[in-house]
Asks: 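Below: one structure in structure tokens.
When a ligand or atom number is given, it counts from 1 through the structure's own listing order. We count residues from 1, following the sequence as given.
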Amino acid sequence: MRVAVAGAGGRLGTALVAGLSGADFVDEVLAWDLPDHDLDDAGSAMRLVGRDRPNVVIHAAAWTDVDGCARDPGLAMRRNGTAAGEMAQACALNGTAMIALSTNEVFDGLRTDGRPYAATDLPSPANAYGAAKLAGEQLAREAFRATDNDFAAAALMAPGTRPTATPPLAIVRTAWLFGRPGADFPAKILAAAERSRAENRTLDLVSDEFGCPTYATDLAAAIARLVELAGRKGWNVVGGIHHVVNGGHASRAEWAREVLRLAGVSVPTRDMPMSKWPRPSTPPLWGVLEPTPLPGGGLRHWQAALAEYATIQASEQEPSR
Ligand SMILES: NC(=O)c1ccc[n+]([C@@H]2O[C@H](COP(=O)([O-])OP(=O)(O)OC[C@H]3O[C@@H](n4cnc5c(N)ncnc54)[C@H](OP(=O)(O)O)[C@@H]3O)[C@@H](O)[C@H]2O)c1
């Protein structure tokens with residue numbers, strides 16, 4: 001199987017390229033990124049799919065600066081909505097399957113009953129990033145002619161009982177990714193703790209925003225399992241909407257404290273509501289996703305994944321002998 005990864009240099013893209021490169025069901029990994037793949041160029045997806053003819057495209061390219069998206073909703077829609085639709089059209093026309101990455105921010109997070117958002121819940125984004133990502137989902141479904149009957153419920157149905165008409169499209173919603181490269185939330189918290197200690201200040205942490213911290217390496221492995229299963233059993237087994245996150249959930253403050261604990265950093269902290277931290281975007285307060293069943297089982301708990309990530313980071317920072 002020839003697998004193309006769009007957004008190959010990003011957090012998830014890096015993990016996907018690394019994970020897929022050694023997989024026995026993959027003949028070739030095509031790493032697409034700027035300048036060849038440009039979300040601002042309407043013809044870019046069609047050119048790449050036509051040139052490389054992959055069997056499947058994993059569309060992980062996106063403008064993930066949520067505050068930037070709030071400041072420029074038009075550009076957010078171009079990059080995260082329209083461009084995802086163009087990739088889907090290119091795939092559908094060339095007989096290429098697509099896995100489109102989406103987000104927990106398609107939900108407004110105003111739910112107060114404590115239940116996580118399921119793949120069957122109706123999305124209702126509260127910010128420009130979420131609205132654009134939802135538009136990307138919808139445009140991808142239109143390109144593949146994926147109707148509610150043959151698509152949305154597919155991820156929730158047992159193998160063998162799914163509609164045989166499911167098109168070769170999977171939408172994978174995830175949340176709160178951590179991993180390399182770039183400054184992820186753990187890196188930002190450690191840097192903020194360092195500044196607080198240097199300035200003898202308390203570190204303020206947001207305690208009323210909840211989500212599912214998710215290790216990019218684990219998400220990439222789950223996506224690889226979907227690709228492998230689709231290759232073996234067909235897209236009617238894996239097409240549809242998937243919620244793929246590490247197990248459990250946490251507030252930003254709980255996540256931050258776990259980062260500090262694992263790094264052995266001791267600094268006084270104080271909980272505060274998100275409303276005390278004005279920012280252009282409005283993140284969902286309750287952004288918790290209910291994981292959908294995955295081949296090979298669900299992802300491990302986020303604390304176990306974070307502990308592994310912290311161990312890897314620490315070993316790389318040890319001075320070489
Ligand atoms: N990060 C999260 O917490 C999170 C949460 C939920 C869902 N998601 C979704 O998961 C997917 C992967 O996210 P991620 O965290 O891996 O994102 P990321 O680290 O920001 O990587 C995004 C990728 O898209 C590329 N890109 C950005 N602007 C582009 C443009 N104008 N044209 C072409 N490529 C462009 C980036 O290229 P450069 O590196 O060259 O800029 C990078 O390779 C995205 O669909 C995102 O919406 C992410």
Asks: Below 3.5 angstrom, do we get any N/O pair linking R11 and ligand 1?
Replies: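 There is such a contact, yes.
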Asks: Number the atoms of ligand 1 from 1 as they appear, then name those within less than 4.0 Å of a heavy atom of H37, with their elements.
Replies: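 In order of numbering, the contacting atoms are 32 (N), 33 (C), 34 (N).
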Asks: Which atom names give the shortest non-hydrogen contact between L289 and C212, and what distance separates them?
Replies: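 So the minimum-distance heavy-atom pair works out to N-SG, 3.6 Å.
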Asks: How about W286 and H249: are their ring centroids closer than 6.0 Å?
Replies: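 That pair passes the under 6.0 Å test.
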Asks: Would you say T282's side chain and N127's backbone share a donor-acceptor pair under 3.5 angstrom?
Replies: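 Pair absent, no side-chain N/O of T282 close to backbone of N127.
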Asks: Heavy atoms only, cut-off 4.0 Å: how does L39 contact ligand 1, side chain, backbone, both, or neither?
Replies: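 Contact part for L39 vs ligand 1: both backbone and side chain.
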Asks: Run the numbers for me: atoms of ligand 1, each under 4.0 Å from some heavy atom of W176, listed by number.
Replies: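 Every atom of ligand 1 under 4.0 Å from some heavy atom of W176: 3 (O), 5 (C).
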Asks: Hey, is K133 touching ligand 1 through its side chain, its backbone, both or neither, going by heavy atoms under 4.0 Å?
Replies: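 Answer for K133: side chain.
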Asks: With the threshold set at 4.0 Å, does a side-chain nitrogen-carboxylate oxygen contact exist between D27 and R2?
Replies: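 No salt bridge links D27 with R2.
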Asks: For ligand 1, indicate whether the residue L34 contacts it via side chain, backbone, both or neither (heavy-atom separation under 4.0 Å).
Replies: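 Side chain only.
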Asks: Salt-bridged, R261 to E254, with N to O below 4.0 Å?
Replies: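 Salt bridge: no.
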Asks: Could you tell me whether ligand 1 has any atom less than 4.0 Å away from a heavy atom of G182?
Replies: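 No heavy atom of G182 comes that close to ligand 1.
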Asks: Taking only heavy atoms of G9, which atoms of ligand 1 are found under 4.0 Å from at least one of them?
Replies: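 Near G9, meaning under 4.0 Å from one of its heavy atoms, ligand 1 has 43 (O).
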Asks: Does E228 pair with R225 as a salt bridge, N-O distance under 4.0 Å?
Replies: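 So E228 does not pair with R225 through a salt bridge.
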Asks: What atoms of ligand 1 come closer than 4.0 angstrom to any heavy atom of L12?
Replies: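 Taking each heavy atom of L12 in turn, ligand 1 has 12 (C), 16 (O) under 4.0 Å.
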Asks: Between D52 and W32, does any side-chain donor sit less than 3.5 Å from a side-chain acceptor?
Replies: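 The answer is yes; a qualifying pair exists.
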Asks: With atom 26 (N) of ligand 1 as the reference point, say which of A62, G7, G10 has the nearest heavy atom.
Replies: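 Selected option, by shortest heavy-atom distance: A62.
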Asks: How does R79 reach ligand 1, by side chain, by backbone, by both or by neither, if only non-hydrogen atoms under 4.0 Å count?
Replies: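 Contact part for R79 vs ligand 1: side chain (C-beta onward).
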Asks: What's the shortest distance from atom 1 (N) of ligand 1 to any protein heavy atom, and which residue and atom give it?
Replies: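 Looking only at protein heavy atoms, the one closest to atom 1 (N) of ligand 1 is L177 CB, 3.7 Å.
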Asks: So among F178, W302, W255, which one has a ring-ring contact (aromatic ring centres under 6.0 Å, His included) with F185?
Replies: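 For F185, the ring-ring contact (aromatic ring centres under 6.0 Å, His included) test succeeds with only one of F178, W302, W255, which is W255.
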Asks: Is W32 touching ligand 1 with its side chain, its backbone, both, or neither, if touching means heavy atoms under 4.0 Å apart?
Replies: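 Under 4.0 Å from ligand 1, W32 contributes no heavy atoms.
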Asks: Between D271 and R257, is there a salt bridge with N-O shorter than 4.0 Å?
Replies: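 Yes, charged N to carboxylate O under 4.0 Å.
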Asks: Considering only heavy atoms of D38, which atoms of ligand 1 have at least one such atom less than 4.0 Å away?
Replies: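 Ligand 1 atoms under the 4.0 Å threshold to D38: 31 (N), 32 (N), 33 (C).
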Asks: Select one of side chain, backbone, both or neither to describe which atoms of D33 lie under 4.0 Å from any atom of ligand 1, heavy atoms only.
Replies: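 Near ligand 1, D33 shows its side chain, while the N, CA, C and O stay back.
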Asks: Tell me the closest heavy-atom pair linking D36 and S44, and the distance in Å.
Replies: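 Minimum heavy-atom separation between D36 and S44: O-OG, 3.2 Å.
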Asks: Where the closest heavy atom to atom 7 (C) of ligand 1 is concerned, which of S102, A175, A6 has it?
Replies: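 Checking each option, the heavy atom nearest atom 7 (C) of ligand 1 is found in S102.
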Asks: At a non-hydrogen distance cut-off of under 4.0 Å, which region of W63 contacts ligand 1 (side chain, backbone, both, or neither)?
Replies: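 No part of W63 comes within reach of ligand 1.
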